[in-house]
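Here the structure comes first, spelled out in structure tokens, and everything after it is commentary.
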Amino acid sequence: MNDRRMVIGKTVVHALCLLPALALVRMYFNGALVAQADPVSYITHFTGNWALWILLADLAITPLRRLSQRAGRQGLNVLVRFRRMVGLYAFFYATLHLLTYVLLFSGYNVPATIAGLEAGRVLEPWRQLQLIWPAILDDLQKRKFIQVGLASWAILFLLAVTSPRRALQAIGGKNWQRLHRLIYLAGALGCVHYWWLVKTGVRTPWKVTAVLTVLLLIRMAFWISKGAKSAPRRQATQRQGAY
Ligand code: HEM
């Protein structure tokens with residue numbers, strides 16, 4: 001792919017990934033957000049859903065590329081160049097989701113923070129956070145879905161900070177690849193988080209779970225076939241080594 005096409009491709013991916021955030025901003029300005037029965041809950045669900053779907057889109061890139069290679073087409077190879085970017089967008093939405101939880105869901109006093117900052121009290125944001133901290137810790141202890149959500153976010157955070165090329169060089173390609181396989185765990189924890197937060201009998205998380213299961217099955221099939229292909233090669237090398 002030449003440079004110009006790459007720039008166009010990146011612009012399209014940025015635009016697609018930013019669309020949900022822009023839609024939310026638009027809802028805020030045209031009043032559609034406050035018209036919701038519970039705007040805070042709406043933002044929490046909106047950002048949570050997009051974090052998970054974008055994460056799944058990121059996980060779909062490798063299987064799509066491999067399946068297209070098997071079909072004799074190389075066209076989808078280029079998708080790999082956008083994998084890092086899409087993963088970072090999943091982290092972006094997961095962080096918006098976490099901030100919504102801390103700043104809006106948990107009763108963080110935003111007006112008092114702004115007033116404090118305007119009055120020159122630079123530590124006001126921290127002071128306000130300290131006030132709601134016990135409630136957040138209590139929630140974390142009591143609600144398992146919050147623990148699982150936090151674990152998923154922590155993995156996405158780890159992958160985001162190790163995504164630059166410098167980090168790859170520092171830890172080595174193999175280790176980096178192993179570490180970045182944790183993205184599957186982040187996706188699985190995201191699904192568990194969703195199942196554990198819905199009421200008993202509600203089946204809405206089935207779609208994300210089905211997509212993740214299919215992606216994992218495809219990935220496993222590739223691992224198995226790769227192992228089967230490399231086994232005779234390994235044996236041949238060992239036999240050659242024996243003589
Ligand atoms: C620090 C971590 C997290 C916290 C504190 C958190 C908290 C929450 C809360 C409070 C809700 C709404 C629960 C309710 O309505 O009763 C929610 C919903 C949700 N969260 Fe999270 N979450 C976290 C991380 C994540 C991550 C990393 C993902 C995705 C990978 C995610 C995906 C979702 C989804 C899909 C929903 C439900 C959306 C819906 O019902 O339509 N969350 N989360």
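FYI, the numbering just counts along the sequence from 1. Indexing begins at 1, ligand by ligand and atom by atom, following the structure's order.
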Please tell me whether H97 and F46 form a close aromatic pair, meaning their ring centres lie under 6.0 Å apart.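 Here the rings of F46 and H97 have centres that are no less than 6.0 Å from each other.
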Pairs involving residues 120-162, ordered by first then second residue, that meet ring pair (Phe, Tyr, Trp, His ring centres under 6.0 Å) (sequence neighbours left out):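 Listed by first then second residue: F91-W153, F145-H193, W153-F157.
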As a test of reading the model: which N/O atoms of the protein lie under 3.5 Å from N/O atoms of ligand 1, and at what distance?
residue, atom, partner, partner atom, Å
ligand 1, 15 (O), H45, NE2, 2.7
ligand 1, 20 (N), H97, NE2, 2.8
ligand 1, 20 (N), H193, NE2, 2.9
ligand 1, 22 (N), H97, NE2, 2.8
ligand 1, 22 (N), H193, NE2, 2.9
ligand 1, 40 (O), H45, ND1, 2.7
ligand 1, 41 (O), H45, ND1, 3.4
ligand 1, 41 (O), N49, ND2, 2.6
ligand 1, 41 (O), Y194, OH, 3.4
ligand 1, 42 (N), H97, NE2, 2.9
ligand 1, 42 (N), H193, NE2, 2.9
ligand 1, 43 (N), H97, NE2, 2.7
ligand 1, 43 (N), H193, NE2, 2.9

State which residues pass salt bridge (Lys or Arg N to Asp or Glu O under 4.0 Å) with K199; sequence neighbours excluded, sorted by chain then number.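 Applying salt bridge (Lys or Arg N to Asp or Glu O under 4.0 Å) to K199 gives none.
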Between Y194 (side chain only) and L52 (backbone N and O only), is there a donor and an acceptor less than 3.5 Å apart?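 It does not hold such a pair.
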My understanding is that only residues two or more places apart in sequence, or in another chain, count here; which of them pass ring pair (Phe, Tyr, Trp, His ring centres under 6.0 Å) with Y93?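 In terms of ring pair (Phe, Tyr, Trp, His ring centres under 6.0 Å), with neighbours along the sequence ignored, Y93 is linked to no residue.
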If you measure only the distance, is there a donor-acceptor pair under 3.5 Å linking the side chains of S163 and H180?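 On atom types as modelled, these side chains do not qualify, holding no pair under 3.5 Å.
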